Amino acid sequence: MANTSSLDAVSSLCKRRGFIFHSSEIYGGINGFWDYGPLGCEMKRNIKGAWWQSMVRDREDVLGLDATIIMHPAIWKASGHLDTFSDPMCTCKECKKLMRADQIEDIRAEVAAKAAANGGCPYCGGELTEPRPFNLMFKTVVGPVDDPSNVAYLRPETAQAIFAQFLNVYSTSRISVPFGIAQMGKSFRNEVTPRNYTFRSREFEQMELEFFIRPDEAVELIYGKVTTMADQPDLSVPQKEWGWEVWHKYWVEQRKSWIVRCGLPKDSFVEYWQKPDELAHYARACVDIEYAFPFGQQELEGIAARSDFDLTQHQKHSGKSMEVFDEPLKLAAAKLDDAAKAAFADKVAAEWQSRGKDPEAARAFVAKLFEGRYIPHVIEPSAGVDRMMLALLCNAYEEQKLVDDKGKEDLRVVLHLSPMVAPVKVAVFPLVKNKPEVYNKAREIFEYLRKRTAAFWDEGGAIGRRYRRQDEIGTPWCITVDFDTLADGTFTVRERDSMQQTRMTLEQFKAMLDDALIF
Ligand code: ATP
């Protein structure tokens, strides 16, 4: 695992090379807000592109959505964010610092040198207030009149828009359950203690999927059985008989495989399964994927089985039915006689009761199932773009001590980014700039490549220096065009990690590049 100093090294590289800057830096910055510079925004786009490719374009059962950041405030009432999206906060009565009650120990460790007696303020040792709730949503006013009736909120997550637009997407897309709706975009949380660089920011980007599935009872009615994890199912291809538990595990595996394909090694992150007392009351399971950041093992993304909680809440608050009609379910139920139906209802009622749920509600739910209707359940893989980018940068960063032919020591800083996420895929250099034939040939190759990928032109300084500048930003290949290129069309391709050089034609290079960029 990397150490704390490597977060400093990564952040200073990010500043130096234009990946990440403090927002509003010329005015002293603003805490919890970060800007992505020329290379950072390319890398971020690559991460989002890889997510969209794997979650939407590679699948026939997921559709995209791009909703607004400010939505009707009733959405946040229905979702519970208005009433409960808060972290209990303490204030130090001495130094007046505000901190999240659940982070006091982490902060104490950070400022251990200054820490005073246990139980007191980690900054000054002063007495703390009792924890009080603090709502994390940013408020704003819609329209010209600053009146409480015009208050709205910047979304604290992208997910709720998916639930709010569920009916529109469902009814316009000729799709049936199971299917998903994916969205990525900005989210805002007025985090009390933004820290660890971009890890906990106040403005960040999320990539979220809501994958709607049949309730297990519907699966059972249609197929006569529900596959659970006890059946040790093969998780590679979704099956109709899967219950929520298998769908949940399937998405955990899908997300892990995506993370690995983006370049994080398998052993750099773990699955943390939330314990029953840590789960939200509606959640049936929640897995956090935790990456070994330099500041400790922390959540990269979460995959939750949220039952039918969200759509049910929106049905209650909006008065619009969120039920879908499932033809195979209706046909399956029609084959049951009254006795079989009664037995099924009794079984479901008993099962709900054993989970502390209302058996009468179970009977009403089963009656709807017999008509082919239900509110879909949902599995939610929810990832953060900024956290993924930070993890990739921390993992990729390496300082190599090299010794040159003359025995001189040299430090090579290299970002071992996968070609898919690297901000620049290829840099093109003319060996010399004062020979027009070589220069123009190199320029021609660069023009060809830049139309097809993120290419960079560099004609300044010794070739070795130019390589190093590209190593530091993670460029996988550098092309040097020389006199031989004019003769046989081949150029030198230098590979970042091995530093090996090979001669290739443009066609050969293009084929290799295309191959490396298929996600
Ligand atoms: P945490 O416990 O770290 O505050 P969370 O459990 O509240 O996170 P979720 O609500 O599950 O986070 O959000 C899903 C994902 O969005 C997180 O896994 C993370 O990648 C990202 N995310 C959430 N809050 C932030 C933040 N303040 N800054 C950057 N990314 C965030």
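Both ligands and their constituent atoms are indexed starting at 1 by order of listing. Quantities reported herein were computed from a predicted structural model and do not represent experimental measurements.
Between K48 and E205, at least one side-chain nitrogen of the basic residue sits less than 4.0 Å from a carboxylate oxygen of the acidic one, meeting the salt-bridge criterion. Classification of R412 and E399 as a salt-bridged pair fails, no side-chain N sitting under 4.0 Å from a carboxylate O. Between E241 and R214 there is no salt bridge, since no side-chain N of the basic residue sits under 4.0 Å from a carboxylate O of the acidic one.
Interface of G384 with ligand 1, defined as ligand atoms under 4.0 Å from a residue heavy atom, comprises 20 (O), 21 (C).
Contact annotation for R200 and ligand 1: heavy atoms of both the backbone and the side chain come within less than 4.0 Å of the ligand.
Which of Q274, E290, E299 comes nearest to atom 11 (O) of ligand 1 through a heavy atom is settled by distance: it is E299. Of the options E301, E157, E380, R189, the smallest heavy-atom separation from atom 9 (P) of ligand 1 is shown by R189.
With hydrogens and angles left out, the side-chain atoms of W273 and E271 include a donor and acceptor closer than 3.5 Å.
Across every non-hydrogen atom of R59 and S54, the tightest pair is CG-O, 3.6 Å.
Residue contact check for ligand 1: D386 places no non-hydrogen atom closer than 4.0 Å to it.
Scanning the protein heavy atoms around atom 19 (C) of ligand 1, the nearest turns out to be R387 NH1, 3.5 Å.
Between F212 and the options I162, I175, V324, a side chain to side chain contact (heavy atoms under 4.5 Å, CB included) holds for only I162.
When only interatomic distances are considered, the shortest N/O to N/O separation between T198 and ligand 1 does not fall below 3.5 Å.
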